[in-house]
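In what follows, residues are counted from 1 in the order of the sequence shown. One-based numbering, in listed order, for ligands and for the atoms of each.
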Amino acid sequence: MTETTAGERNRAGEWRPQDPIKLAPINDWPPAPVKTVKWAFGFPGFLWPYNAFWLAVTLVTWIWLTPELVAMQTIEAWWVGVLLARNMALLLALFGGLHLYFYIMRAQGDEFRFTLKPFITGAKRFLFKNQVRDNMLRTLAVAVPIITAYEVLTYWMFANGFLGLFSLGDSPVVFWGWFAVMILAAPFIHSVHFYLGHRLLHVRWFYRHFHALHHRNVEVGPWSGLAMHPVEHIIYFSTIVVPWVLALHPVNALYQLHLAAFLPALSHSGYDRLKVGKRLQIDAGAHFHYLHHKYFECNYGGSLLPLDKMFGTFHDGSDAAHTSLRQRIRDRRKAMA
Ligand SMILES: [Zn+2]
Ligand SMILES: [Zn+2]
């Protein structure tokens, strides 16, 4: 084993962080108020930069890169085309940017990188026998149109008064208060929806027909994040249905959709942390989901909420967690035999 920053790499070239994965401190029992406040308001923390950054992207998108809502009352090719082109550009910039940063420019070398294995070429399970090209095509040619379709439907429904289903009165304070509540709730809605959809996708029939495609990526890179079967895209992005029912403003729906669209780039980066400059290290939960790709039967959700812990599928990356995962699989096989 060789020591690197905050972790160790074994002879096979696999790196793992020294510390086991911890859930967000809001899950601590007994409650840890100081830790929780630091986690929420500190830097880097839950609000800034993690979620504020995505909110800024959403606001820029809404203000400068989206046609007026009134213009979207009838579905017309020009504005659908605008949304499609800008979504293509956004995903290309983010997913492509991260790929470029980590794997082409090699901006942080192998620091915090889980494996030294290159992306796969020559294997038939990938289109063009090339993992990166396969993943890019599935993201840009399949995920982007599906994201756009959900967005088109959202604006069209808001523009025609089919959404914004209830009223909280005329007070702008209450209206924008509810808007803020929905913004703060969005990462939690995302976590719960992702967990449930993902558990469904691991039911044998769904797995075989749809989700196995995503798991062809054992070692992952940013482009693997949305490399999914179209049916999985439809399930995954259906998180937008929650703000369809609960939100009064289309930006809440756009933010929900953006979290789902953008978070997988970082959670599949193949690196535990993204280093920005010398000091800032962004830990976007990549280790949590990396273990899911490696071992399949653990970590279906994320570290924001205790869902995996509650259902006994949490793997914190430690040897003890690994032993218990193997035991769980053995017990299940015995029960099935
Ligand atoms: Zn899975
Ligand atoms: Zn994944």
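At distances below 3.5 Å, at least one donor-acceptor pair connects side-chain atoms of Tyr150 with backbone N or O atoms of Ile234.
Both tests hold for Arg199 against Tyr300: distance to the six-membered ring centre under 6.0 Å, angle to the ring axis within 45°.
For the pair NE2 of His292 and NE2 of His211, the angle at the Zn ion (ligand 1) is about 170°; rounding is to 10 degrees. Between NE2 of His293 and NE2 of His289, the angle at the Zn ion (ligand 2) works out to 100°, rounded to 10 degrees.
Residue His214 does not count as close to the Zn ion (ligand 1), with no N, O or S atom under 2.8 Å. When distances to the Zn ion (ligand 2) are checked against a cut-off of 2.8 Å, His215 contributes no N, O or S atom below that limit. The nearest N, O or S atom of His268 is closer to the Zn ion (ligand 2) than 2.8 Å.
Checked against the 6.0 Å centroid criterion, the rings of Trp62 and Tyr155 qualify as a close aromatic pair.
With respect to Lys294 and Glu219, no salt bridge is recorded, no charged nitrogen being found less than 4.0 Å from a carboxylate O.
Identified under the salt bridge (Lys or Arg N to Asp or Glu O under 4.0 Å) test for residues 146-159, with sequence neighbours left out: Arg86-Glu151.
Restricting His202 to its N, O or S atoms, the one at the least distance from the Zn ion (ligand 1) is NE2.
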